[in-house]
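Here the structure is laid out as structure tokens; the discussion comes afterwards.
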Amino acid sequence: MNGKHITKLGFTGADIGLALAAATLRERAGAERDEILKELARVQRSPESYTGGLYANLAESLMAAQAEELLHDDDMLRPEPLDYRVWGRELIEPGALAQMNTAMRLPISRAGALMPDAHVGYGLPIGGVLATEGAVIPYGVGVDIGCSMRLSVYAAPAASLDARGAVGLLQKHTRFGAGVGWDRRERLHHDVLDDPAWHSQPLLRHLFDKAVNQLGTSGSGNHFAEFGTFTLPAAQGGLEPGSYLALLTHSGSRGFGAQVAGHFTRLAESLHPHLDASAKKLAWLGLDTQEGHDYWQAMTLAGEYALANHEQIHGRVAKALGEAPALSVSNSHNLAWKQEVGGRELIVHRKGATPAASGVLGLIPGSMADPAYLVRGRGQPDSLESASHGAGRQMGRKAAEKAIAKADWKAYLAERNVTLLGGGIDEAPQAYKRVEEVIAAQTDLVEVLGSFQPQVVRMDSGSEDI
DNA sequence: ATGTCC
């Protein structure tokens with residue numbers, strides 16, 4: 001028996017000497033080498049079973065090293081989630097609560113909240129708000145970085161644009177579909193394309209052309225552009241009470257943001273190989289690392305790019321109408337912000353949650369045929385100054401295709417006199433929670449200022465009618 | 001959400 005046999009078992013440092021000393025004692029007692037090596041392997045596997053006897057010194061050294069490792073294992077989940085508040089718990093599926101619980105066990109988590117539109121997503125649930133310290137979670141922001149809403153209210157009666165006119169404007173000035181961009185000669189410039197950040201990372205340089213191509217487009221899934229009637233009960237932002245023509249859009253950072261999200265999620269996962277499997281998609285990047293800095297820069301750019309998409313859509317329509325909007329409101333609902341929470345600067349992730357600091361305006365849409373609401377934040381600290389970002393799905397896309405009858409979907413639209421361009425049954429109003437209930441569950445988070453009833457809605461047609 | 005693996 002010599003040091004080679006010991007190191008071959010994987011012992012290191014002082015443990016080699018301790019193992020060798022114990023092995024010598026066993027040899028003197030007449031034990032065979034193979035037997036001793038098997039015993040050493042067992043001590044190594046479960047040192048807690050050998051705290052008495054001649055392997056005690058080795059066992060205690062191994063256990064001390066284990067404890068040290070745990071102490072420095074930054075990826076260990078807390079045994080129990082931190083406390084957090086849930087709004088509209090009765091509206092939320094168990095899977096979304098389970099995902100939020102996992103997020104609240106991350107060592108970097110400090111506070112969180114769940115909004116009443118919550119449902120299961122990748123990593124953090126949609127409708128999840130999570131405050132972390134010194135780190136950002138790519139999937140805490142989500143795939144569609146900077147996904148956002150914008151409303152333009154025109155000082156004109158809703159009836160001043162008929163359905164036919166609205167259809168024409170949407171078809172001419174919006175573009176939908178995965179991979180879709182504007183033709184070269186139709187593209188418009190925007191200051192976001194002059195941001196030096198595009199040239200600061202290989203990934204951003206690579207995605208620049210795609211971003212130029214897709215600027216001012218709407219994408220697919222639940223994204224939409226719709227004309228409707230905005231009703232304001234009390235004066236707001238220089239607008240008198242009344243009913244007005246309005247344009248509401250839901251769009252994000254398109255392929256650019258999706259690829260940023262994918263790239264940094266894979267990077268974060270690779271940097272946390274020992275993270276518990278349940279939290280794999282919640283892998284984070286330290287903000288004091290190059291990777292964390294790069295993500296923050298790319299995420300910020302994607303957030304600005306998404307808002308630029310809305311600006312171009314609304315700009316094209318305003319130009320066609322020959323009229324500037326009397327009221328404009330926009331908000332991002334998939335992003336991370338540096339925010340002071342309880343006297344500390346934390347990273348607040350809102351993944352499908354509307355910023356609702358005191359006095360801040362936001363938009364909460366219902367569905368293709370249900371009202372959207374203009375809201376004003378109440379700055380509730382327990383929600384980390386957040387509210388829901390919509391009604392939230394009550395069934396997945398595939399479940400919706402099975403459960404909802406096409407006739408019921410069409411009847412719902414007809415009853416509300418909604419004209420739909422594109423759109424699939426997976427986005428039918430019946431696939432969503434009742435937005436009125438979701439709004440009622442968060443009266444302490446936001447005040448409703450006005451409502452918007454969609455009338456002519458454009459969405460991606462998906463694979464259905466290509 | 002995204003031409004669903006840069």
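Atoms considered below: every heavy atom in the structure, side chains included; atoms not considered: hydrogens, waters and symmetry mates.
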| Integer-rounded Å distance: B:dG3 P and A:Asp460 CG | 11 Å

| said: Does A:Arg416 qualify as a cation-pi partner of A:Tyr412, given the criterion of NZ or CZ under 6.0 Å from the six-membered ring centre and within 45 degrees of its axis? | reply: yes

| query | Closer to the 5' end of DNA chain B via nearest nucleotide, is it A:Tyr122 or A:Gly262? | reply | A:Tyr122

| remark: Residue pair A:Phe256/A:His206 against DNA chain B: nearer the 5' end by closest nucleotide is A:Phe256

| query | Within this structure, what is the CG-to-P distance between A:Asp426 and B:dT2, rounded to whole angstrom? | reply | 13 Å

| How would you list, by chain and number, every residue that makes a side-chain contact (heavy atoms from CB on, under 4.5 Å) with A:Ala357, sequence neighbours excluded? | A:Val360, A:Glu385

| query | Looking across every strand, which nucleic acid part, if any, lies under 4.0 Å from A:Gly255 by heavy atom: base, sugar-phosphate, or nothing? | reply | sugar-phosphate

| request: Quick one: list whatever passes side chain to side chain donor-acceptor pair (under 3.5 Å) with A:Thr217, sequence neighbours left out. | output: A:Arg254

| query | What integer distance in Å separates A:Phe176:CZ from B:dG3:C1'? | reply | 17 Å

| Expressed in angstrom and rounded to an integer, what is the separation of A:His223 atom NE2 from B:dG3 atom P? | 11 Å

| task | Could you check whether the rings of A:Trp198 and A:Phe256 sit parallel, tilted or perpendicular, using 30° and 60° as the cut-offs? | result | tilted

| task | Report which part of the nucleic acid A:Lys210 touches: base, sugar-phosphate, or nothing (heavy-atom distance under 4.0 Å, all strands). | result | sugar-phosphate

| For the side chain of A:Gln214, counting heavy atoms from C-beta on, which of B:dT2, B:dG3, B:dC6 is nearest? | B:dG3

| field | Separation of atom CD in A:Gln259 from atom P in B:dT4, rounded to whole Å | value | 8 Å

| request: To the nearest Å, give me how far apart CG (A:Leu204) and C1' (B:dC6) are. | output: 14 Å

| request: Indicate whether OP1 or OP2 belonging to B:dT2 is found under 4.0 Å from a side-chain N or O atom of A:Arg254. | output: yes

| query | With a 4.0 Å cut-off on heavy atoms, is A:His263 in touch with a base, just the backbone sugar-phosphate, or nothing at all? | reply | nothing

| Separation of atom CZ in A:Phe264 from atom P in B:dC5, rounded to whole Å | 18 Å

| request: Write down the distance between CG (A:Asp144) and C1' (B:dT4), rounded to a whole number of angstrom. | output: 14 Å

| field | Pair A:Glu427 + A:Arg393, salt bridge at N-O below 4.0 Å | value | yes

